[in-house]
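Accompanying notes for the structure given below.
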Amino acid sequence: MTPPDRPTPGLLALAAVFTIAGTLHFLIPQSFDRIVPPGLPLDARAATLLSGAAELAGGLGLLHPVTRPAARWGLLALLVAVFPANLYMAQEPQRFGVPAWATWARLPLQPLLMWAVWRAGRRPA
């Protein structure tokens, strides 16, 4: 059994997902710029870099028990904030070269990811 202060394999996988995604925001920002919904009161590149930094910080924050609760709340807020981009992709799949079914199938995964973040960021009993 993993001690409560050490990350579990599931938590490590979740941290890796966010860390890799955050890194990709900086390596290939144009891919993320494209999915920023129009009308956002923020430049697409700024939104991409800000969300990438939040994903990196949250993913790395999950790795340490002291920062895990803050990472939990930050990642939950981030997932709520980026949901409009996922919805935009679902409404305009032809703009992104992605099958419509894939963009719509992705939407219900967001609450599951939020649930995983919620559980991962809890303080040990």
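Nothing fancy with the numbering, it's 1 onward along the sequence.
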Looking at every heavy atom in both [X] and [Y], which two are closest together, and how far apart are they?
| X | Y | value |
| --- | --- | --- |
| A105 | L109 | O-CG, 3.8 Å |
| P108 | P111 | O-CD, 3.0 Å |
| T103 | P93 | OG1-CB, 4.1 Å |
| A54 | L78 | CB-CD1, 4.0 Å |
| A90 | W104 | O-NE1, 3.1 Å |
| G58 | A71 | O-CB, 3.5 Å |

Rounded at 0.5 Å granularity, tell me how far OG1 in T48 sits from CG in D43.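 The distance works out to 8.5 Å.
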
Given side chains that start at C-beta, do those of [X] and [Y] come closer than 4.5 Å, heavy atoms only?
| X | Y | value |
| --- | --- | --- |
| F83 | L107 | yes |
| R68 | L11 | yes |
| L75 | L14 | no |

With side chain to side chain contact (heavy atoms under 4.5 Å, CB included) as the criterion, how do V82 and Q110 come out once you've worked through the C-alpha distance, each side chain's angles and the decisive distance to 0.1 Å? CA-CA 10 Å; V82 300; Q110 193 100 6; 3.8 Å; yes

Measure the acute angle between the ring planes of F32 and H25, then classify it against the limits of 30° and 60° as parallel, tilted or perpendicular.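 The rings of F32 and H25 lie parallel, inter-plane angle below 30°.
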
Can you list, by chain and residue number, the hydrophobic cluster partners of L63 when the side-chain cut-off is 4.5 Å?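 Other cluster members: L12, L60.
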
Shared ILVMFWY cluster between V36 and F96, side chains joined below 4.5 angstrom?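 V36 does not cluster with F96.
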
Quick check: is W73 connected to V80 through a chain of hydrophobic side chains (ILVMFWY, heavy atoms under 4.5 Å apart)?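 Looking at the clustering, W73 is in the same group as V80.
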
Determine whether a donor-acceptor pair (N or O, by modelled atom type, separation under 3.5 Å) exists between the side chain of R34 and the backbone of R95.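 Yes, the answer is positive, given that a donor and an acceptor are paired below the 3.5 Å cut-off.
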
